[in-house]
Amino acid sequence: MIDDFLYGTAGDTGPLAEVEAAVRAAAAAEIVPRHRKLAAHEIIEKSGPHDLVTAADRLAEEHLTAALTKLLPGSVVVGEESVHADPAVYDALGGDAPVWIVDPVDGTRQFVRGEAGFCTLVALAQHGEIHASWTYAPVLGEMAVAVRGRGATLNGVPIRSGSPAPGAVLGVATSHPDYTTDAQKRALLGLRTDGIAPRPCGSAGLEYLAVARGELDAIAFNWDYAWDHAAGLLLVTEAGGAQATLARVPFRIAGGNDLPFTAARDEATVERILAALRAGG
């Protein structure tokens, strides 16, 4: 069903462009007009001061839900805001229907501060496998698209993650300390070793894009909400990179992962990051 949708007949990629247009339209209608113009009542704390939702998040997700399910009848949406309202929505990741995994504003803190480092993330999955993804940073003017088995592009140009230079210090974006348990903090402390330079992450989607384009060597995250990771994991792997959880198995978008996990420019870097995480834990 998904293959028919994505490629149609004779390799038609029209639906890919239609999804991209839907993502751009949602951002243009609901996100960009509120950038640096949010009113106080449009910003709400969820679990705490670092977990925010804005009117842009909610309205963009509603916009995308209507547009994407219209493009692919029978599909469902698992979005950050819909799951916050009803956690049972997340169960669709384990069902049979095609699932659109949506993070309307990834990097909400950056968005609220009026910065450019936020993006909209959309991935299309079924039976636990990610088939396509879109990462759109409207203020930066960047649209990254990945299709399973067909590579990754940034603004229409193919991208490759490459490999770190031999002997180079690895740049690694890590989970923000505010979102880590004591055990996870210990594991992440393993990255504070010779040859690795960890730093707290910004927008997860943009960190994945940085890995996919070879500007960042790896990420090491310890939460597994699908909307933060599905699009980026496909983007990195289709750009030539690799990913694995602490158990050295691929990340599962439905959850239950052995955390932390990593995605990196190549397999060798994944192994280095996992070894450091184990040493810390």
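All figures in this text were calculated on a predicted structure; none of them were measured in a lab. Starting from 1, each residue takes its place in the sequence as its number.
- Taking 4.5 Å as the limit, some side-chain heavy atom of R34 sits within range of a side-chain heavy atom of E30.
- Using a 4.5 Å heavy-atom cutoff, the side chains of L64 and T120 are in contact.
- Residues passing the side-chain hydrogen bond (donor to acceptor under 3.5 Å, both in side chains) test with E267: none are found, sequence neighbours excluded.
- Remark: E20 engages R24 in a salt bridge, criterion side-chain N to carboxylate O under 4.0 Å.
- Under a 3.5 Å cut-off, the side chain of S82 and the backbone N or O of V78 do not form any donor-acceptor pair.
- For H131, the side-chain hydrogen bond (donor to acceptor under 3.5 Å, both in side chains) partners at least two apart in sequence or on another chain are R148.
- Residue L234 comes nearest to A146 through the heavy atom pair CD2-O, 3.6 Å, listed as atom of the first residue, atom of the second, then distance.
- Note that CG of L189 is 10.5 Å distant from CG of L277, once rounded to the nearest 0.5 Å.
- Aromatic ring orientation, F221 versus H229: tilted (interplanar angle from 30° to 60°).
- Note: the hydrophobic cluster containing W223 also contains I253 (ILVMFWY, side chain heavy atoms under 4.5 Å, direct or indirect links).
- Of the possible donor and acceptor atoms, one in the side chain of S133 sits under 3.5 Å from a partner among the backbone N and O of A231.
- Note: S175 OG to F261 CZ = 7.5 Å, rounded to the nearest 0.5 Å.
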*Evaluate the criterion side-chain contact (heavy atoms from CB on, under 4.5 Å) for residue pair F111 and V139; output intermediate values, then yes/no.*
CA-CA 10 Å; F111 179 72; V139 176; over 6 Å; no

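- Partners of S203 under the side-chain hydrogen bond (donor to acceptor under 3.5 Å, both in side chains) rule, at least two apart in sequence or in another chain, are D106.
- T269 is linked by a side-chain hydrogen bond (donor to acceptor under 3.5 Å, both in side chains) to D266, counting only residues two or more places apart in sequence or in another chain.
- Between A173 and C201 the shortest heavy-atom distance is CB-CB, 4.1 Å.
- Across all non-hydrogen atoms, the minimal contact from L6 to P15 is O-CD, 4.0 Å.
- Checked by atom type and distance alone, the side chain of D86 pairs as donor or acceptor with a backbone atom of A88 at under 3.5 Å.
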Please tabulate, for the side chains in residues 238-249, all donor-acceptor contacts under 3.5 angstrom to protein atoms that are two or more places apart in sequence or on a different chain.
{"unit_1": "E238", "atom_1": "OE1", "unit_2": "G149", "atom_2": "N", "d": "3.3"}
{"unit_1": "E238", "atom_1": "OE1", "unit_2": "R150", "atom_2": "N", "d": "3.3"}
{"unit_1": "E238", "atom_1": "OE1", "unit_2": "G151", "atom_2": "N", "d": "2.8"}
{"unit_1": "E238", "atom_1": "OE2", "unit_2": "G149", "atom_2": "N", "d": "2.7"}
{"unit_1": "Q243", "atom_1": "OE1", "unit_2": "F251", "atom_2": "N", "d": "3.0"}
{"unit_1": "T245", "atom_1": "OG1", "unit_2": "A247", "atom_2": "N", "d": "3.3"}
{"unit_1": "T245", "atom_1": "OG1", "unit_2": "V249", "atom_2": "O", "d": "3.3"}
{"unit_1": "R248", "atom_1": "NE", "unit_2": "E271", "atom_2": "OE1", "d": "2.9"}
{"unit_1": "R248", "atom_1": "NH2", "unit_2": "E271", "atom_2": "OE1", "d": "3.0"}

*Begin from the C-alpha positions of L206 and L140 and carry the test side-chain contact (heavy atoms from CB on, under 4.5 Å) through to its verdict.*
CA-CA 11 Å; L206 294 184; L140 299 176; 4.1 Å; yes

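- Rounding to the nearest 0.5 angstrom, the gap separating the CD1 atom in I2 from the CG atom in L124 is 4.0 Å.
- Under a hydrophobic clustering in which Ile, Leu, Val, Met, Phe, Trp and Tyr are joined whenever their side-chain heavy atoms come within less than 4.5 Å, directly or via other members, L16 and V122 fall into the same cluster.
- Panel note: side chain T135, backbone L121; no donor-acceptor pair is recorded below 3.5 Å.
- The two residues A218 and I273 make their nearest non-hydrogen contact at CB-CG1, 4.0 Å.
- Scanning for salt bridge (Lys or Arg N to Asp or Glu O under 4.0 Å) contacts around R192 gives an empty result, with sequence neighbours left out.
- Judged by distance alone, with hydrogens and angles left aside, the side-chain atoms of T193 form no donor-acceptor pair with the main-chain N or O of G190 at under 3.5 Å.
- Under the 4.5 Å side-chain heavy-atom criterion for Ile, Leu, Val, Met, Phe, Trp and Tyr, L188 and V172 are members of the same hydrophobic cluster.
- Looking at residues two or more places apart in sequence or on another chain, you find no ring pair (Phe, Tyr, Trp, His ring centres under 6.0 Å) involving Y136.
- Taking every heavy atom of both residues into account, P33 and A27 meet most closely at CD-O, 3.9 Å.
- Evaluation of the salt bridge (charged side-chain N to carboxylate O under 4.0 Å, His left out) test over residues 211-236, restricted to residues two or more places apart or in two chains, returns E142-R213, R213-E215, D217-R265.
- If you take CZ on R36 and CD on E115, they are separated by 9.0 Å, rounding to the nearest 0.5 Å.
- Note on V89 and V76: same hydrophobic cluster, where clusters join Ile, Leu, Val, Met, Phe, Trp and Tyr whose side-chain heavy atoms are under 4.5 Å apart, directly or indirectly.
- Note on L216 and L233: same hydrophobic cluster, where clusters join Ile, Leu, Val, Met, Phe, Trp and Tyr whose side-chain heavy atoms are under 4.5 Å apart, directly or indirectly.
- In this structure, the separation between NE2 on H63 and CD1 on I31 is 9.5 Å, given to the nearest 0.5 Å.
- Distance check, rounded to the nearest 0.5 Å: CG of L72 to OG1 of T69 gives 9.0 Å.
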Output a table of donor-acceptor pairs, distance under 3.5 Å, between side-chain atoms of residues 97-105 and any protein atom two or more places apart or on a different chain; print 'none' if there are none.
{"unit_1": "W100", "atom_1": "NE1", "unit_2": "L68", "atom_2": "O", "d": "3.3"}
{"unit_1": "W100", "atom_1": "NE1", "unit_2": "S75", "atom_2": "OG", "d": "3.0"}

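- R160 is linked by a salt bridge (Lys or Arg N to Asp or Glu O under 4.0 Å) to nothing, counting only residues two or more places apart in sequence or in another chain.
- The aromatic rings of W227 and Y90 sit perpendicular to each other, their planes meeting at more than 60°, with 30° as the lower class boundary.
- For residues 194-209, the pairs satisfying salt bridge (charged side-chain N to carboxylate O under 4.0 Å, His left out) are R199-E207, with sequence neighbours left out.
- Considering only residues two or more places apart in sequence or on other chains, R272 meets the salt bridge (Lys or Arg N to Asp or Glu O under 4.0 Å) condition with none of them.
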